[in-house]
Each structure stands twice: as structure tokens, then as C-alpha cells.
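We name chains A, B, ... by the order of the sequence lines, and we start the count at 1 in each one.
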There are 2 protein chains.
Amino acid sequence: MIKNDFLSEIKYAGLTSRLKRLSDLLLYSTKDFYKSVGVDIEPNWHLIFLLLKEHEALNIKEISDRVQLSHPAIIKILNNMKQKGYVVAKTDDIDSRKQILTLSAKAYDALPLLEEYWEACIQTMKEVLEDSPEFLTALGSIEQKFKESSYKDRTLRNLKTN
Amino acid sequence: MIKNDFLSEIKYAGLTSRLKRLSDLLLYSTKDFYKSVGVDIEPNWHLIFLLLKEHEALNIKEISDRVQLSHPAIIKILNNMKQKGYVVAKTDDIDSRKQILTLSAKAYDALPLLEEYWEACIQTMKEVLEDSPEFLTALGSIEQKFKESSYKDRTLRNLKTN
DNA sequence: TACATTTGTATAACCAGTTATATATTTTAT
DNA sequence: ATAAAATATATAACTGGTTATACAAATGTA
């Protein structure tokens with residue numbers, strides 16, 4: 001536990017803020033990492049690279065379903081990736097509403113190097129979780145519970161039974 | 001584990017995004033909760049209430065040190081709390097750079113009710129972590145490790161040793 | 001005492017997400 | 001065949017954080 005950290009001291013009351021704080025820390029530090037190795041990608045592009053590498057072609061809805069972020073979030077990420085030339089879009093022949101998204105040639109060229117960087121990222125996570133082998137499972141269980149009943153609904157229920 | 005969730009499938013590579021996703025989920029659902037019980041406060045005001053209740057008077061620097069958020073973040077939170085009349089500021093007599101921040105009378109009036117709501121929030125967290133008693137400790141250990149050496153530094157190191 | 005450094009606060013610009021709303025296309029149902 | 005509903009995408013407005021920069025007040029030092 002971090003010394004003199006009020007959020008840790010207040011236990012359950014500080015949990016949300018600690019998750020936000022940690023996720024921000026990871027976000028900015030990852031950006032910092034990419035910058036210092038001189039590569040022009042953003043942290044969460046990794047997900048899109050992996051998804052499109054695996055599936056070749058997906059549309060926005062499919063991506064947003066799979067990563068469970070809102071579709072406007074995905075649109076923003078993809079627009080940036082398109083602008084940098086890592087993703088190309090063409091409209092679907094049989095359903096003109098859909099964009100078919102694929103990795104560009106530039107993306108495939110960059111992949112071997114990027115994968116080295118990502119390997120180092122993964123190693124960092126493994127090393128930080130070394131002493132907490134249950135963390136990933138616990139996180140999954142928390143996600144699952146909020147999926148079954150939202151934070152809001154649970155809290156309203158707890159309010160009534162007090 | 002959430003079914004068909006790409007972020008869970010890719011294990012360590014999806015961790016940062018899952019933390020962000022969970023923290024956002026908690027943030028928006030907490031807002032939703034406050035809205036549905038009809039109270040005009042924001043999620044992280046809870047922290048400030050607790051801090052100022054415990055210490056009576058603090059300045060911005062002291063708050064930002066204790067919760068370990070950047071001072072601009074604290075300034076924004078406090079400005080909103082001032083605007084809603086929950087916090088009052090007066091400048092320090094002996095060091096005119098400092099703002100002395102305290103809870104207002106309105107804040108103390110609201111506290112009993114707010115504390116009921118917060119109790120329900122805490123109960124929700126406890127119930128969701130019920131099956132994962134090690135989660136809080138694990139989170140603390142992760143925070144501690146990144147405090148010792150940043151994500152970026154660790155990852156650069158891992159890159160070199162590959 | 002004056003000057004350099006440090007400290008506390010403020011602000012600007014940015015970023016990654018959200019919800020709410022709009023629009024065009026496709027699908028379904030009568 | 002057409003009207004209604006559903007779906008895919010786009011965009012606007014907002015939020016809660018960040019870093020970088022600025023500046024005035026306080027402190028330390030020559």
C-alpha cells in the first residue's frame with residue numbers, strides 16, 4: 001500500500017478513484033514509452049491492431065461490440081489510425097452503411113517492430129502482477145458482477161435495505 | 001470472465017483498457033445513482049468531503065498531495081464544489097498564496113444524508129469484491145510497484161533485455 | 001538587502017472516454 | 001409495395017483527468 005495515500009486509507013470508498021488514477025497512470029506512461037522509442041501510435045491502437053490482424057476485416061459495430069467501448073469511442077480511435085495510415089476503410093458493397101476496416105500495408109510493415117514493443121509492455125504487466133496472481137481473475141469477477149447488475153442498481157438496492 | 005470480451009481474451013495486453021473501462025463504468029454509474037436519488041454532487045466530491053471533514057481546513061497543495069491527483073484536477077473539483085456552495089475558501093493570513101478550504105454549513109447540513117448514500121456505495125463495493133478478498137491488496141501492490149519504477153521505465157528496461 | 005529559487009495557485013490546450021441526438025440505409029411487417 | 005422499425009455510423013456537447021506554462025508570494029542565500 002502506498003504510504004500516506006488517503007485513497008488507500010479510506011478503503012472501499014477510494015476504490016473508484018484508485019482505478020481511475022491507475023488507468024490514467026498507465027495511459028500517460030504508455031504514451032511516454034511510445035514517444036521515447038519514437039513510434040507514432042497511441043496506447044489503445046494496440047487493441048485495434050490485434051483485432052484486425054486476427055479478423056482481417058471488421059466494421060465499427062463489430063469492433064465496438066468486441067472491445068465493449070461505445071461506438072463513438074471506436075470512431076475516434078479509427079479516425080486517428082486512418083489519418084496516420086494504419087487503417088483503411090472501404091464501404092461495404094452489400095450494405096452501404098457499413099465501413100469495412102482493414103490494416104494497411106504500412107500497418108503490416110510496422111507490425112514486427114510494434115510487436116517487440118508490445119511484448120515489453122506485456123512483460124511489464126506480468127512483472128507487476130507477479131505477486132498478485134489472482135488479480136486478473138478478480139478483475140474478471142468484478143466486471144462480471146457489474147454486468148449482471150449495475151453499480152447504480154446495486155447501490156439503490158443497498159440504500160433501500162439499510 | 002465476461003463472455004466474448006476481446007480485452008479479457010488478450011490477457012495482459014488488455015489490462016490497461018479494462019481498468020479504464022471499469023473506472024469509467026463506475027464513474028458514470030455513480031453519477032447516475034446520484035441523479036436518481038436527486039442529489040447535486042459529483043462522484044469524487046466524496047473524497048473532498050471526507051478529507052475536509054477529517055482535517056477541517058486544507059489548501060489545494062495539501063489535498064492534491066493526499067489524494068495524489070494533479071493540482072489542476074483538484075482546482076477543478078474545488079471550483080465546482082465552491083460553486084455549489086459545499087466548500088468555502090479564504091486566503092491564508094500569513095501566506096497569501098494559499099487558499100484555506102473548509103466545508104460550508106450547507107455541506108455539514110447535507111452530510112448525514114450523503115453519508116447514507118455513501119454507505120450504500122461502500123456496500124456495493126464490498127458485495128462486488130466479496131469473492132475477491134485479495135483484490136484491494138493486489139491493487140495496492142501494483143500501485144506500489146509503479147511508484148518504485150514507472151510503467152515506462154519498466155517497459156524500456158524489458159525492451160532492452162529482450 | 002537584493003537576488004535567485006522554491007512554492008502555491010491558476011489557466012490553457014489536450015485527451016480518451018461518455019451520453020444524446022441525427023441521418024441514411026436496411027430489414028421487417030402489413 | 002410501402003410504412004415502420006432497426007441498424008450503422010457520425011457528430012455535438014460534456015467530463016474528469018493530464019502536461020506545460022505563467023506568475024505572484026515566500027523563502028533562502030550571497
Side-chain angles (χ1 to χ4, degrees), chain A residues 7 16-32 34-35 41-48 58-83 89-101 150-152, chain B residues 7 16-32 34-35 41-48 58-83 89-101 150-152:
Chain A
L7 298 194
T16 298
S17 298
R18 284 167 76 187
L19 290 172
K20 166 73 169 156
R21 191 172 64 177
L22 180 56
S23 105
D24 276 343
L25 188 127
L26 290 169
L27 174 68
Y28 287 99
S29 207
T30 305
K31 278 169 173 281
D32 207 0
Y34 284 142
K35 195 176 166 188
I41 69 167
E42 294 299 325
N44 52 16
W45 295 10
H46 186 183
L47 309 174
I48 310 293
L58 293 172
N59 61 49
I60 287 174
K61 180 66 173 20
E62 291 168 331
I63 295 177
S64 108
D65 284 349
R66 278 177 169 80
V67 302
Q68 307 202 32
L69 294 182
S70 70
H71 80 268
I74 304 300
I75 289 174
K76 284 182 196 178
I77 295 169
L78 286 171
N79 281 343
N80 293 333
M81 292 184 75
K82 283 184 211 163
Q83 207 196 310
K90 75 177 192 59
T91 64
D92 189 327
D93 288 333
I94 55 180
D95 184 343
S96 74
R97 290 171 308 178
K98 292 181 188 169
Q99 279 192 44
I100 300 180
L101 299 154
S150 76
Y151 177 91
K152 174 201 171 191
Chain B
L7 298 194
T16 298
S17 299
R18 284 168 76 187
L19 291 172
K20 166 73 168 153
R21 192 172 63 179
L22 180 56
S23 105
D24 278 345
L25 189 127
L26 291 168
L27 175 68
Y28 288 99
S29 209
T30 304
K31 278 168 171 283
D32 207 2
Y34 284 141
K35 196 176 167 188
I41 68 165
E42 294 299 326
N44 51 17
W45 295 9
H46 186 183
L47 309 174
I48 310 292
L58 292 172
N59 61 48
I60 288 174
K61 181 64 173 22
E62 289 167 332
I63 295 177
S64 108
D65 284 349
R66 278 175 168 81
V67 302
Q68 307 202 33
L69 294 181
S70 70
H71 81 269
I74 304 299
I75 289 174
K76 284 182 195 177
I77 295 170
L78 286 171
N79 282 342
N80 293 333
M81 293 184 75
K82 283 185 214 165
Q83 208 196 310
K90 75 175 190 64
T91 64
D92 190 328
D93 287 333
I94 55 177
D95 183 343
S96 73
R97 289 170 309 177
K98 292 183 187 166
Q99 280 193 44
I100 299 181
L101 299 154
S150 76
Y151 178 89
K152 174 200 169 192

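- Shown here for A:Ser96 and A:Thr91, the closest heavy-atom pair between the two residues is O-CB, 4.5 Å.
- Taking atom CG of B:Leu26 as the reference point, atom P of C:dT18 lies 13 Å away to the nearest angstrom.
- Counting non-hydrogen atoms under 4.0 angstrom, B:Lys76 reaches a base of the nucleic acid.
- Heavy-atom neighbours of A:Lys90 NZ from other residues, nucleotides or ligands within 6.0 Å: above the threshold of 12.
- Computed from coordinates, the A:Asn79 CG to C:dA16 C1' distance equals 14 Å when rounded to whole Å.
- Computed from coordinates, the A:Tyr28 OH to C:dA16 P distance equals 8 Å when rounded to whole Å.
- Among the protein residues, B:Ile75 comes within range of the nucleic acid bases, having at least one heavy atom under 4.0 Å from a base atom.
- Between B:Leu27 and A:Thr16, the shortest heavy-atom distance links the atoms N-CG2, 4.4 Å.
- Contacts of A:Pro72 with the nucleic acid, taken as non-hydrogen atoms under 4.0 Å apart, include base atoms.
- A:Leu78 comes within 4.0 angstrom of no nucleic acid atom, judged by non-hydrogen atoms across all strands.
- Distance B:Gln99 CD to C:dT7 C1': 15 Å, rounded to the nearest Å.
- Spacing between atom NE2 of B:His71 and atom P of C:dT7 amounts to 14 Å, rounded to whole angstrom units.
- Of the two residues contacting DNA chain C, namely B:Ile60 and B:Asp24, the nearest-nucleotide position lying further toward the 5' end is that of B:Ile60.
- Atom pair A:Ile74:CD1 and C:dA16:C1' shows a separation of 11 Å (rounding to whole Å applied).
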What verdict does the side-chain hydrogen bond (donor to acceptor under 3.5 Å, both in side chains) test give for B:Lys61 and B:Gln99, after you've listed the backbone C-alpha separation in whole Å, the side-chain angles of each residue and the deciding distance to 0.1 Å?
CA-CA 9 Å; B:Lys61 181 64 173 22; B:Gln99 280 193 44; over 6 Å; no
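- Between B:Ala73 and A:Ile100, the residue whose closest nucleotide on DNA chain D is further toward the 5' end is A:Ile100.
- Proximity note for A:Ser96 (side chain, C-beta onward) versus C:dA16, C:dT18, C:dT26: the nearest is C:dT26.
- Judged by closest nucleotide on DNA chain D, A:Lys61 is the one of A:Lys61 and B:Asn44 placed further toward the 5' end.
- A:Tyr34 has its OH atom 16 Å from the P atom of C:dC15, to the nearest Å.
- Residues B:Trp45 and B:Ile77 come closest through the heavy atom pair CD1-CG2, 3.8 Å.
- Protein chain B touches strand DNA chain D; the 5'-most and 3'-most nucleotides with an atom under 4.0 angstrom of its non-hydrogen atoms are D:dT15 to D:dA26.
- In plain terms, the two heavy atoms of A:Thr30 and B:Tyr151 that are nearest each other are OG1-CE2, 3.2 Å.
- Residue-level contact check: A:Ile63 touches neither bases nor backbone, having no heavy atom under 4.0 Å from any strand.
- DNA chain C is contacted by both B:Lys35 and A:Ile77; A:Ile77 maps to the nucleotide lying nearer its 5′ end (nearest heavy atom per residue).
- Between B:Glu62 and B:Leu58 the shortest heavy-atom distance is OE1-CA, 3.2 Å.
- In terms of heavy-atom proximity, A:Lys82 sits nearest to A:Ala89 at CE-CB, 3.9 Å.
- Residue A:Lys20 is classed as a sugar-phosphate contact, given heavy-atom separations below 4.0 Å to backbone atoms only.
- Computed from coordinates, the B:Lys98 NZ to C:dT6 C1' distance equals 13 Å when rounded to whole Å.
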